[in-house]
Amino acid sequence: MRQQMIKPYGDTLDDGIVQLSFTLPVENGERAKKAAELYVAKLNFENVSVVHSRKIADNFTYFVVYGRAIPTLDYAMVQVDELKTKQMNFYETNELIRTGLRRCISVVGATIGSDAHTVGIDAIMSMKGYNRDYGLERYPEINTYNMGAQVSCKALLEKAVEVKADAILVSQTVTQKDIHLRNFSEFAELLKGKNLRGRFILLAGGPRMTNDVAVQLGYDAGFGRGTLPSQVASFIVSKMLERSKG
Amino acid sequence: MRQQMIKPYGDTLDDGIVQLSFTLPVENGERAKKAAELYVAKLNFENVSVVHSRKIADNFTYFVVYGRAIPTLDYAMVQVDELKTKQMNFYETNELIRTGLRRCISVVGATIGSDAHTVGIDAIMSMKGYNRDYGLERYPEINTYNMGAQVSCKALLEKAVEVKADAILVSQTVTQKDIHLRNFSEFAELLKGKNLRGRFILLAGGPRMTNDVAVQLGYDAGFGRGTLPSQVASFIVSKMLERSKG
Amino acid sequence: MAQVPLNQDQVDRSKEMASEIADQVQSFIAKHSSVSAERTVLRLYGVDGVDSEKTPLPNRLVDILREKDRLRSGVSRCFAAAMLASGKEAQATAELVVQGKIAFGGTNGFPRADILKKEEELAENAVAAIDATRKRKREKREKWPLPEEPWRYIIIATGNIYEDCVQAESAVMAGADMVAVIRSTAQSLLDYVPYGPTTEGFGGTFATQANFRIMRQALDEISEREGKYVRLVNYSSGLCMAEIAACAALEDLDVLLNDCMYGILFRDINMKRTFIDQYFSRLICSRAKILINTGEDNYLTTSDAIDNAYTVTASQLINEAMAKKAFLTEDLLGLGHAFEIDPEVENAFLYELAHAQLARQLFPNSPIKYMPPTKYKSTDIFYSHCLDTMFNLASVTTGQGIHLAGILTEAIHTPLMQDRYQSLCSINYVFNIARGLVNEIRFKRDGFVAKRAQQVLDEAEHFLKELRQVGLMEAIAQGKFANITRSLDGGKGLGGIFEKASDYSNPIMEKLEEDGVIHASTND
Amino acid sequence: MAQVPLNQDQVDRSKEMASEIADQVQSFIAKHSSVSAERTVLRLYGVDGVDSEKTPLPNRLVDILREKDRLRSGVSRCFAAAMLASGKEAQATAELVVQGKIAFGGTNGFPRADILKKEEELAENAVAAIDATRKRKREKREKWPLPEEPWRYIIIATGNIYEDCVQAESAVMAGADMVAVIRSTAQSLLDYVPYGPTTEGFGGTFATQANFRIMRQALDEISEREGKYVRLVNYSSGLCMAEIAACAALEDLDVLLNDCMYGILFRDINMKRTFIDQYFSRLICSRAKILINTGEDNYLTTSDAIDNAYTVTASQLINEAMAKKAFLTEDLLGLGHAFEIDPEVENAFLYELAHAQLARQLFPNSPIKYMPPTKYKSTDIFYSHCLDTMFNLASVTTGQGIHLAGILTEAIHTPLMQDRYQSLCSINYVFNIARGLVNEIRFKRDGFVAKRAQQVLDEAEHFLKELRQVGLMEAIAQGKFANITRSLDGGKGLGGIFEKASDYSNPIMEKLEEDGVIHASTND
Ligand code: B12
Ligand code: B12
Ligand SMILES: Cc1ncc(COP(=O)(O)O)c(C=O)c1O
Ligand SMILES: Cc1ncc(COP(=O)(O)O)c(C=O)c1O
């Protein structure tokens, strides 16, 4: 495969220009500026210019810096496992459930842990949906159970078992100290522990989620900022058909 | 000397958090985001999160990224040659000229090359001065010759010789493609070439100028953004006394 | 000052309705108390600290009475008896009780009169302590002039109280007039108040009395240095509204987030529990002159800011009415709203001006709390910074009272120190260049802004009519607020409430109700 | 629309004075021509290209006549004679002249009548070419609706014309309505127009006819794609005002920076030279319907924006008056001003509104060009972004015509592609949320804004009185404009002017003057 070396672009190809801002725990002054310059050099930059420095607390200085990044990246080598299922709309999906699965499917969702953010999971599950895209609740062929936020892993699993869920939707918005990753894994572990992992299609979502990460955490897929309910519905159905076939 | 290792500060000491924004010459998409993440990793960051990506032209994507910088810097080792002359005010300086030098001094200034920016040099030399700090022209003991902008090195030198200048002030504002550095050096070289370097106190100034750089370019001092005329005056006078003594 | 024409009769009618709605709830409140209300009494009597399992002693004591089913008479009398028995201070007594060294739950063999006398004495000291904080605050405030409104309000949320102090210092250097320490996620769902200084939290720092003290002290030092009094804010919402109010009062806090419905709607806390607790907590706030902030802004982060603008207005009116029942004066009501309209909506800024203007004019004597854009913040921090800049303008142009700093990284992470600095730079810039705008412009009669403000008021009035009919509790159960449905007996903390017995006693509450409004200068 | 009360008599008085001031200058202009004016004639006759030293042929030819001291009669007649002699096209003829293969400077032995006929023919073709560009532009513009004002104007300055095209595409994708390619520093001081495509420049890209063509073509493609006509802007100021106007016209440019005094004050170009050249260049612009932008904003970057506000107004009035002498219609006058007040000044925004409002109302039929903050931009790009956001609001709120995008990195470097994107995000956001504000608010009668606007107008009127008395040239010599002193015979390019001989001929100028204003719909 042909190489494709890339660098940041300011106003000329490969000039490498990058804007940075950060704070250093030192008093502002010539020496502080020099430190910022040297530090950015350690980050593989040349032509570093510390354009702004300002004291923002005793012993803390805020900097704005421009520099030319030195490394190059071979774009040809960059791979991601993007989730590849054909995107269907509301009608296509319902139709496919009727003809392909020949039964209603049931989906349970919740925001687990101490995270109280429901707007995200609601956007996917509620009637209203998101961005003029109907939520799962509106799909005649889908029964939804939205447990809201601050739900314990245990409670979520119990509900899933109770309603014989085909898919479980887990949402996490708070990411401080990577608590979302810990919560996501906790739930995945719980399923494995109970040998129930195979029974459900398991989806993770939230503003910081990517399919990449979700898969690593043992989920079937992950959905990030701006996800539309129809994308989620399409994925669930395609996945179920795939399983029923294979 | 005791080590003093520092890292950027986001909201916890040594968390290393830095904000970056840049553009890559690729089409936006999952792969582009991955590329941004990998590229920033090459810049010595961990926990890279590509929080924003947006197409801004065919084959160009703009990114906002946060990451934790890995390197640490020993602040104890950071040195700059800051220019150290005691800052005197308008009256002290004039007094010192009278008592110390016992003659009026003369200063020539200009913006050289094709650079048309005069506001900077005017701020230092004109009556009005800068930020309520009188300009050199207002100093009774200083005769000033402000040649304005787009002055050739040759013309500036001729003038300096003609009026027996004690100090020459060179200003550069346009820095694109480092043209300011080239212009500054050109003038310094011209002086050396004519063996006149010793005769003048040579000062460089402009928004991107630092004392560090100026000294490297063979100037006696460099002054950057926000310089006050009184700082320049104090420097010239102290330097002259220093020379007359030693 | 720019004004939209409002029909005063309609305003009065609406406030009257709100007050009637509050009355209905108040009659329920009067008959009930809760475990946290009782723990509050103990705290004000001087009980603090935790046992070996880190359970706060106030919880231990109240639980003991609950098990013995003696709680319905309130904790006050039994505890007074126990103190007589121990002959010791409240704290020491509590410890002895927990150690089982003295009986707890009866008269401990003392004559009723002695116990009443003891209760009397305890209550007086408790109220004296609250009066003392009010006076301390007044003295501090009088040392420096009041900052010009809108007051710049900054939130801190590192999770580590000591780190928080560093950030607070930075914020004040950049101009902050008020500092709020956001709580760790879900603290509001804890049925106790954590103890001691804490250095770990998610999305915030735990609200503990020790943390209050540490931050208040840090701010006092900064205040001295910067020559201005910096107000300290925390959150009382949740399962411990009154307890936190007590701790806050004892540590000289200036402001508490305190809404009569936030916990119900946004934390799924049982509504009876919330109404009971908010009342006692507000009695304490009014006595300590703690300014309360309400949470109407939350309606707009969860539902559309144009469609639901009227819920904000209605909720403000109800919060005001209920606050007055707890003797809070108008100058202590930081009624909330927010700049949350979808920026894609054409003339969104005109809608915002209309909403902000309405809030301003409906409550002329209250320091309206204006929240920044959050929901439509983008992860493009440069774009988000523009939203905040326009928010800053809307705020100063409509003369808001308390201005929450919008943060350019809102859509990404809890603010870094530099994010806050950048935010304050924008605020300081806009406030300075546009201060006079409020007195310079007029809104066109029957223009967009005037019409929109009227429309929202009409919708709010109509909504209040509905509420008055079905009653507030029933209305919430029917999901009339931001279509969030909360049943009468659902949600967290229901188990913690009880009907007062005929011999129920809470001499602190009695005293606060008896004295009613504490009249004094605004900045006291 | 928000208005400040202006006394129409005072406005008329001021415009009348400006016109008298222009008359004085015009009588001087009528008697003189310049090397660049003559080179312009050659270019319009069809002479282009450079010799082996890269000297443009128009320069070579004019210099030949100068040496022979035959220039005072103008270049037209001699060149017509030369063409008769060569029997070839203008370009071929010019080359032969340069190679010394045919005589140049006399009648080449042809009868006067034939030469006059040839001149006539050449002039007609020249004017026809200008008319053709006007028609081409009209057709293109009519394909798409006019963008809503203010028009979003973006500058490109990579130094490389091909890189410029990439950036232009990006800017248009983000919403730009007009694209200006800034020239390399000091091109304005070159006494010739560089030739061919260029890829090297400092602070900008050279203005060459080839570069004009390359960018126009790139924009045409983008226009098709984005479904809107994107206007192309360049700079004619300097020593080649008329020549660049000619090149711009031939390449279908829409806008030229063209100010009757900018070169004098900000580039130290001799005032006589400037006045002579600007007239011919503007005659060409009016015929080609090229919108001109004036440079009043520069007064504010070099001197205080409050103290010198009146110079801006006075200069706008003079630019308007002189433009009308060159038959430019009001719809083609992009009179300049700027948002340059020190943000530390309290209520700076109110001053800005007053100044912007005044410019808007003084020239109701002209697309006022509003320049962003530059001088007080900080190297803190986040803070600078706020300044631009408020500038965007001032612009849409006072209904400006042409809106230059402020750039957050103004104090640092010429814009990066992403800087421009961020800038346009702010503009699009503010324009969308505040479009209606202009019709929604009223400025208080005798309020700050109204008073300030009146004050500036008074100062301007008083200043014009002075100018009329001493005469514009003398006034400039006395440093009355932004205290920059330029002597009558100082500055660059004086050597290039001459007094017209009695037999001077410039049939193109004659024809343009004869036909006068070309009446047509605004967007033609
Ligand atoms: C609204 C909001 C709130 C509301 C929540 C109301 C509610 N019922 O949800 C309120 C005001 C209550 C709130 C409270 C808090 N919040 Co909050 N909040 C937000 C805000 C402004 C918007 C979030 C939102 O609704 N986005 C809109 C939805 C539609 O987008 P989304 O969540 O990304 O969901 C989409 C996708 O991610 C995906 N998706 C999401 N989940 C799932 C699940 C599955 C299975 C799938 C397939 C897809 C999917 O589909 C959705 C549609 O596209 C953000 C800031 C911001 N602008 O992002 C802060 C924010 C999320 N909150 C934050 C914090 C810290 C809090 C608090 C902890 C602060 C405090 N201490 O008071 C509290 C407590 C909450 C708690 N205990 O967890 C931080 C989180 C920081 C971090 N990264 O850790 C943020 C980022 C603000 C900040 N910068 O500080 N918050
Ligand atoms: C005003 C201005 C102009 C005015 C200049 C008027 C004049 N007579 O000077 C006008 C409008 C004419 C102009 C034109 C151009 N400008 Co200009 N201009 C600026 C602007 C807005 C402010 C500069 C300024 O006056 N600063 C205020 C002074 C007081 O600060 P200062 O120069 O730093 O000077 C202080 C110190 O540096 C120091 N100092 C300076 N010189 C010296 C010398 C000595 C000896 C000492 C001791 C101290 C000293 O003391 C001063 C007081 O503290 C800047 C953007 C910005 N905000 O910085 C762009 C800027 C400098 N311009 C720029 C450009 C590119 C141009 C043009 C080339 C654009 C174009 N093609 O049209 C033209 C052409 C100019 C040319 N041929 O060189 C770029 C430069 C980019 C770069 N880094 O290379 C800038 C940064 C804008 C941008 N982002 O694109 N400009
Ligand atoms: C009234 C009120 N209380 C409390 C909070 C803080 O939320 P938590 O209950 O998670 O501390 C908010 C924030 O939105 C609020 O508006
Ligand atoms: C009228 C006018 N012409 C030209 C320019 C561009 O400057 P230069 O002459 O260096 O191209 C400007 C920019 O400020 C201007 O205002």
Side-chain angles (χ1 to χ4, degrees), chain A residues 19-25 27-28 36 52-65 110-123 126-128 130-132 137 146-152 172-183 206-208 224-226, chain C residues 157-160 165-174 182-190 200-204 222 225 266-269 298 301-304 342 344 374-375 377-379 381-382 408-409 411-414 416-422 424-425 482-486 491-492:
Chain A
Q19 172 270 327
L20 303 89
S21 74
F22 55 87
T23 302
L24 288 178
E27 270 303 328
N28 192 9
H52 190 77
S53 73
R54 162 84 192 214
K55 172 179 180 145
I56 60 171
D58 289 346
N59 271 299
F60 287 95
T61 303
Y62 154 68
F63 298 95
V64 177
V65 176
T111 299
I112 58 172
S114 67
D115 192 331
H117 294 87
T118 58
V119 178
I121 187 76
D122 291 346
S126 71
M127 280 285 172
K128 184 146 165 289
Y130 190 65
N131 256 338
R132 284 164 238 77
E137 199 177 347
N146 181 348
M147 298 175 72
Q150 303 189 330
V151 176
S152 71
Q172 287 287 275
T173 297
V174 175
T175 63
Q176 256 203 352
K177 308 209 168 77
D178 289 337
I179 185 166
H180 62 308
L181 300 181
R182 274 182 273 149
N183 289 341
R208 298 251 74 70
R225 182 174 298 282
Chain C
T158 69
N160 177 328
C165 292
V166 177
Q167 313 250 331
E169 182 210 346
S170 167
V172 174
M173 271 182 62
I182 285 199
R183 293 184 294 179
S184 176
T185 56
Q187 166 164 8
S188 43
L189 304 182
L190 302 178
E200 267 293 328
F202 298 111
I222 304 165
R225 207 176 74 179
F266 300 101
R267 290 292 173 270
D268 195 9
I269 292 169
N298 297 287
T301 61
T302 43
S303 54
D304 183 77
D342 182 348
E344 299 286 313
T374 61
K375 193 169 156 186
K377 279 287 175 66
S378 161
T379 48
I381 58 177
F382 295 92
L408 74 173
T409 54
I412 303 166
H413 51 228
T414 49
L416 307 179
M417 190 156 76
Q418 71 186 38
D419 298 342
R420 236 178 257 113
Y421 168 75
Q422 292 160 339
L424 282 159
C425 282
N483 13 26
I484 301 167
T485 314
R486 302 299 189 198
K492 307 167 186 76

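Numbers restart at 1 for each chain; the letters A, B, ... are given by sequence-line order, proteins then strands. Because the structure is predicted, anything quoted here is derived from the model rather than measured.
For T118(A), no part lies near chain C; criterion is any non-hydrogen pair under 4.5 Å. With a threshold of 4.5 angstrom between heavy atoms, A171(C) does not approach chain A through any atom at all. Using a 4.5 Å cut-off between heavy atoms, L189(C) touches chain A through its side chain atoms alone. Heavy atoms closer than 4.5 Å to chain C are found in both the backbone and the side chain of D58(A). For I56(A), the parts lying under 4.5 angstrom from a heavy atom of chain C are both the backbone and the side chain. Neither the backbone nor the side chain of S303(C) comes within less than 4.5 Å of any heavy atom of chain A.
Residue V119(A) comes nearest to T302(C) through the heavy atom pair CG2-CG2, 4.0 Å, listed as atom of the first residue, atom of the second, then distance. Listed here is the closest heavy atom pair of Q176(A) and F202(C): OE1-C, 3.5 Å. In terms of heavy-atom proximity, Q422(C) sits nearest to S21(A) at NE2-OG, 4.4 Å. Nearest approach of A411(C) to R225(A), heavy atoms of both residues: O-NH2, 3.1 Å. Of all the heavy atoms in K177(A) and G201(C), the pair that sits closest is NZ-O, 3.4 Å.
For chain A, the option among R420(C), Q167(C), H413(C), M417(C) with the highest count of heavy-atom pairs below 4.5 Å is M417(C).
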>> Could you go through F60(A) and E169(C), starting from their C-alpha distance and side-chain angles, then the distance that decides it, and tell me whether this counts as side-chain contact (heavy atoms from CB on, under 4.5 Å)?
In response: CA-CA 11 Å; F60(A) 287 95; E169(C) 182 210 346; over 6 Å; no
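Open room surrounds CZ on R54(A); 12 or fewer heavy atoms of other groups in view lie less than 6.0 Å from it. Heavy atoms of other residues, nucleotides or ligands lying less than 6.0 angstrom from NZ of K375(C) number more than 12.
Annotation: the span from Q418(C) atom CD to T61(A) atom OG1 amounts to 11.5 Å, rounded to 0.5 Å. To the nearest 0.5 angstrom, M127(A) atom CE is 13.0 Å from N483(C) atom CG. The OG atom of S170(C) lies 11.5 Å from the OH atom of Y62(A); values are rounded to the nearest 0.5 Å.
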